[in-house]
Every structure is written in C-alpha cells, then in structure tokens.
Protein chains: 2
Amino acid sequence: MPIAKTDAFGRADVALAAQFKALAHPARLAILRTLAERSTCICGDLVEVLPLAQATVSQHLRALKEAGLIQGETDGPRSCYCLNADTLRTMHKAVEALFGDVDCSCGCCG
Amino acid sequence: MPIAKTDAFGRADVALAAQFKALAHPARLAILRTLAERSTCICGDLVEVLPLAQATVSQHLRALKEAGLIQGETDGPRSCYCLNADTLRTMHKAVEALFGDVDCSCGCCG
DNA sequence: TTGTATTATCGTAAATTTACGATATACGAT
DNA sequence: ATCGTATATCGTAAATTTACGATAATACAA
C-alpha cells in the first residue's frame, strides 16, 4: 500500500472497513465464536482450541481488541476477554444498512 | 504470512473470512454502496467517484467479484457490475448468527 | 481498416499481515 | 525471595495488499 489513502474516504467507512478487517481471518472468527459460546474466556483455552502458537493467538486477540470487537483485561498470568456488545451491535446495524434490501433488477448481469 | 494455515480451519470460516476481507477496505464499501444505490453501474462512474486510479478501481472490483459479492460482465469498452444478492444474503445470515444475541454477562471485564 | 474510448492486466514498489521463536512481564504459590 | 505459569511483546521472515503507470485488449464509430 503505497501511501495511505484513507484520508480520501469518509471516516465512517474507514472505521467500518477496519472492523470488517478484524473479521477477515478464520482464527479471529473462531475466537469470536468461542467467546460467544462461553460468556467468559481466557487466552489459554484459545491456544488449545486454535492451531496456532501462543504468540500468534495473542496477536489476533490484540487485533480484535484494537478494532473494538472484544474487550478484556489481563491480570498477571490470567486474562479475561469478552465480546464488546456495543461494537457488535453497531456493526450489525451497518451490515443491515448495506445489505438490508438487496435487489438487483438491472437484468444486464448473469 | 509464513505458510498458509487455512487448512487448519473449517472451510466455512475460511470462506466467510474471505468475504469479510472483501469488505475490509473503504473503497470497496463505497463501491458496494454505489452499486446498491443505482441498480446498474459501470466502472467509469466509479473511477470518478473514488479517489483512486482506474487500475486500482479495477483491482478492487476484481476483489469483490472473486469474493462473490458482486457479479458482472464487461463487453468490450463497457462493463456492467451489480451486487450478488445471494452472497450478500448469506453473509447477512452469517453476521446474524455471529452477533445475533450478544450478551456478555461475565462481569469481569470493563 | 483505423481510430477512439473504456476496462483489464502486467510489472513493481511500499506497506501491512501473519506466523513463530525468544524474551519479557506479572501474578500466585511455595 | 524464588519458582512456575500464563500472557504479552519483540524481532523477523514470508506472503499479501494496495496503489500506480504503462500496456494490452475489446467493441463501436468513422
């Protein structure tokens, strides 16, 4: 990416794109699903579930946290992550707005 | 990404992640919104709307097409792209399943 | 047939992502 | 105070993404 062009797009779209980017990896989807199933989770469990090294899982967790999809604190040797309901609801609405009533009637495409 | 680890994840998640990846850029979000507004579109219009070179827009269109989010044909000097309603509906359901009823009650996180 | 206009592709450079091992950090137990 | 465990961060290599200019390719018009 030569030269970040994000300035040229609206802030809302840049933010939304960043959130979608956080969903754009199967490991992170798996993390989110795991967090959704249990209402509490620690990183250690995830390392066992995912086919990835501990450092990589931690990195994915950070990505999710920076995107605001999860929240959590780590108290010494134990960390507690959980979903960020606010962000997820916001994303849900954004998807609704984008895909809500798709209906292509142009007839010119296959 | 040293060594693609996608084999280690379920096919469904790999596919879903790829679709989210297609949404993970403000230019592609803008393209989708533009396609949603008009029911028909050609690439030329997009080049004027987006702050990007023609080659880059074409590249983004290809990404969207490969992810199955849009469909279209290009007949010589004119191309017609439109949304792929099927894929968008599928994604909508996937989001529903992921975020449908988020409710963190673990009480351990801020 | 020769342009003309529009879109796709190629080649390439810079930036980012993904993955890991190694190391640091922080808490609880002994 | 030290050890053990669990998580985060650092450094780094390979792969991918993004962006562009230059170049092809395709259909229509003259």
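Chain naming here is simple, since letters A, B, ... match the order of the sequence lines and numbering starts at 1 in each.
In this structure, A:R89 CZ and A:E96 CD are separated by 14.0 Å, a value rounded to the nearest 0.5 Å. Put simply, CG on A:L35 and OH on A:Y81 are 10.0 Å apart, with the number rounded to the nearest 0.5 Å. With rounding to the nearest 0.5 angstrom, the CD atom of A:Q19 is 13.0 Å from the CD atom of A:E66. Between the SG atom of A:C43 and the CG atom of A:L61 there is a distance of 5.0 Å, given to the nearest 0.5 Å. Atom OG1 of B:T34 and atom CG of B:D45 lie 9.0 Å apart (nearest 0.5 Å).
With sequence neighbours left out, A:H60 forms a ring pair (Phe, Tyr, Trp, His ring centres under 6.0 Å) with A:H25.
At whole-Å resolution of the value, CD1 in A:I31 and P in C:dT18 are 11 Å apart. The nearest whole Å value for the distance from the CG atom in A:L29 to the P atom in C:dT18 is 12 Å. Note: CD (B:E73) to P (C:dA8) measures 12 Å, nearest angstrom. One atom, CG of B:D45, and another, P of C:dT6, lie 10 Å apart when rounded to the nearest Å. Whole-Å rounding puts the B:K65 NZ to C:dT9 P distance at 8 Å. Counting to the nearest Å, the P atom of C:dC20 and the CG atom of A:L50 are 11 Å from each other. At whole-Å resolution of the value, CD in B:Q59 and C1' in D:dA22 are 14 Å apart. As a whole-Å value, the separation of B:I42 CD1 from C:dA5 P is 14 Å.
Set against C:dT7, D:dA19, C:dT18, the side chain of B:H25 has D:dA19 as its closest nucleotide. When distances are taken from the side chain of B:A55 to each of D:dA19, C:dC20, D:dA22, the shortest belongs to D:dA22. Comparing atom distances between the A:R62 side chain and each of C:dA8, D:dG21, D:dT9 picks out D:dT9 as nearest.
Contact annotation: B:H60 side-chain N/O to D:dA19 OP1/OP2 distance is under 4.0 Å. Between D:dT17 and B:K21, a contact under 4.0 Å exists linking OP1 or OP2 to a side-chain N or O. Here A:R78 does not reach the OP1 or OP2 of C:dA26: none of its side-chain N or O atoms lies under 4.0 Å away. The side chain of A:Y81 places no N or O atom within less than 4.0 Å of a non-bridging phosphate oxygen (OP1 or OP2) of D:dA6. Residue A:T56 places no side-chain N or O under 4.0 Å from the OP1 or OP2 atom of C:dT18.
Across all strands shown, A:S58 has heavy atoms under 4.0 Å from base atoms, whether or not it also approaches the sugar-phosphate.
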Distance-only check: which donor-acceptor pairs under 3.5 Å involve side-chain atoms of residues 8-18 of chain B, not counting sequence neighbours?
residue : atom : partner : partner atom : Å
B:D13   : OD1  : A:R33   : NH2          : 2.3
B:D13   : OD2  : A:R33   : NH2          : 2.6

Heavy-atom contacts, protein to nucleotides 25-30 of chain D, under 4.0 Å, summarised as B (base), S (sugar-phosphate only) or - (none) per nt, yield -BB---
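Side-chain atoms of B:F20 and A:K21, non-hydrogen and from C-beta on, never get closer than 4.5 Å to each other.
Taking for each of B:A63 and B:Q54 the nucleotide of DNA chain D with the nearest heavy atom, the 5'-most of the two is the partner of B:A63.
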